[in-house]
Amino acid sequence: MIKIIRYNNDYRDDMFLCYFLAKEALGKPHLRDDLLDIQRNYFELGDEFWLAISDDNRVVGMVGEHRISDKGIFLKRLFIKPDYKRSGIASQLLEKVEDYARAQGISEIHTRFPEHYVEAGKFYPAKGFIKIGLDENQNHLVKKIEMEKN
C-alpha cells in the first residue's frame, strides 16, 4: 500500500535517491536546484510537494506543483522509482494534485516534458492532458480540472 504525504525533511535523502534512479533510467541523472530546499522553493512560495511512500517507508515517487496564475498550476518533478513504475503510483500522485487543484479553485494543470520521454507521452494523454504545443523545446500539455458540484 502506497501512501501519499506532504514532503518533510525526514525523507530528503531518500527523495534524492528516488529522483536519481528515475532520472538515470531516462538517461539524464542530474539534480535540479529546486529539490535542494523544498521548503524554500515550494512551501514558502505557496506551492506544494508530495511524496509516495512504500510499506517499507521508502520514497518511491514524488510530485510538486507551482502556481502560474489564479487558475493554473504546473506539475513539477513527477518521478517514480523505476522498480515501481506501472503500479499506479503516478496516477495516485496526479490524483493528489488534482484534488489540491479543485480545493484551490484551480481549473488547469500544465506539464512540460521532452519529446523523448516516451512514458510521459503516453501517461499524460491517458489522464486527460491535451498537447497545446511546444514550449522551450518540450511538449506542453494541459488538463482542465472540473470543479466538484455542491
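The basis for the numbers below is simple: all heavy atoms, side chains too, and nothing from hydrogens, waters or symmetry mates.
- Separating the CG atom in D70 from the CD1 atom in I106 is a distance of 9.0 Å, to the nearest 0.5 Å.
- Note that CD of E44 and CD1 of I38 are 11.5 Å apart. Values are rounded to the nearest 0.5 Å.
- By the 4.5 Å heavy-atom criterion applied to side chains, F49 and L35 are counted as neighbours.
- Aromatic pair H110/F74: centroids less than 6.0 angstrom apart.
- Nearest heavy atoms, Y84 versus S54: OH-CB, 4.2 Å.
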What's the verdict on side-chain contact (heavy atoms from CB on, under 4.5 Å) for M62 and W50, showing C-alpha distance, side-chain angles and the deciding distance?
-> CA-CA 6 Å; M62 68 189 70; W50 297 275; over 6 Å; no
Which is it for I73 and V97 under the side-chain contact (heavy atoms from CB on, under 4.5 Å) test, yes or no, and what are the steps along the way?
-> CA-CA 9 Å; I73 59 175; V97 175; 3.7 Å; yes
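- A 4.5 Å side-chain heavy-atom check between D83 and L21 finds every atom pair outside the cut-off.
- Hydrophobic clustering, with ILVMFWY side chains joined whenever heavy atoms are under 4.5 angstrom apart, keeps F113 apart from I132.
- K23 NZ: more than 12 foreign heavy atoms inside a 6.0 Å radius.
- Between D47 and K76, no side-chain nitrogen of the basic residue sits less than 4.0 Å from a carboxylate oxygen of the acidic one, so the salt-bridge criterion is not met.
- Here the closest heavy-atom approach between residue P82 and residue A22 is recorded as CD-N, 3.9 Å.
- Taking the side chain as every heavy atom from C-beta outward, E115 and Q138 never approach each other to under 4.5 Å.
- The shortest side-chain heavy-atom distance between L51 and M15 falls under the 4.5 Å cut-off.
- Geometrically, R32 does not engage Y19 in a cation-pi contact defined by less than 6.0 Å to the ring centre and at most 45° from the axis.
- Hydrophobic clustering (ILVMFWY, side-chain heavy atoms < 4.5 Å, transitive): L17 and L26 are in distinct clusters.
- Between the side chains of Y11 and D13, no donor-acceptor pair of N or O atoms lies under 3.5 Å.
- Residues I2 and Q92 have side chains in contact (heavy-atom distance under 4.5 Å, counting atoms from C-beta outward).
- Remark: K131 NZ is packed, more than 12 non-hydrogen atoms of other residues, nucleotides or ligands lying under 6.0 Å away.
- Ion pairing between R58 and D14 holds under the 4.0 Å rule for side-chain N and carboxylate O.
- Remark: side-chain polar atoms of N9 are not paired, donor with acceptor, to backbone N or O of R12 under 3.5 angstrom.
- The two atoms that bring I145 and A101 nearest to each other are CG1-CB, 4.5 Å, heavy atoms only.
- Within the 3.5 Å criterion, the main-chain N or O of E48 finds a donor-acceptor partner in the side chain of E65.
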Would you mind writing out the side-chain donor-acceptor pairs for residues 121-130 within the sub-3.5 Å range, not counting sequence neighbours?
unit_1	atom_1	unit_2	atom_2	d
K127	NZ	S91	OG	2.9

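- Judged by distance alone, the side chain of D55 and the main-chain N or O of M1 form a donor-acceptor pair under 3.5 Å.
- In the hydrophobic clustering of this structure, I68 does not group with L75; members are Ile, Leu, Val, Met, Phe, Trp, Tyr whose side-chain heavy atoms approach within less than 4.5 Å, directly or through other members.
- Interatomic distance, CD1 of I4 versus CD1 of I89, reported as 7.5 Å (0.5 Å rounding).
- Hydrophobic cluster membership is shared by L36 and Y7, with clusters built from Ile, Leu, Val, Met, Phe, Trp and Tyr side chains linked at under 4.5 angstrom.
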Test log, rule side-chain contact (heavy atoms from CB on, under 4.5 Å), inputs R77 and D34 = CA-CA 10 Å; R77 315 291 175 241; D34 62 309; 3.0 Å; yes
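- Residues Y100 and E95 have side chains not in contact (no heavy-atom distance under 4.5 Å, counting atoms from C-beta outward).
- Tracing side-chain contacts under 4.5 Å through hydrophobic residues (I, L, V, M, F, W, Y), one never reaches V63 starting from V142; they form parts of separate clusters.
- Within the 4.5 Å cutoff, no side-chain heavy atoms of V60 are placed close to those of I80.
- Between D99 and R102 there is a salt bridge, since at least one side-chain N of the basic residue sits less than 4.0 Å from a carboxylate O of the acidic one.
- We find that E98 and K143 are joined by a salt bridge, their nearest charged nitrogen and carboxylate oxygen being less than 4.0 Å apart.
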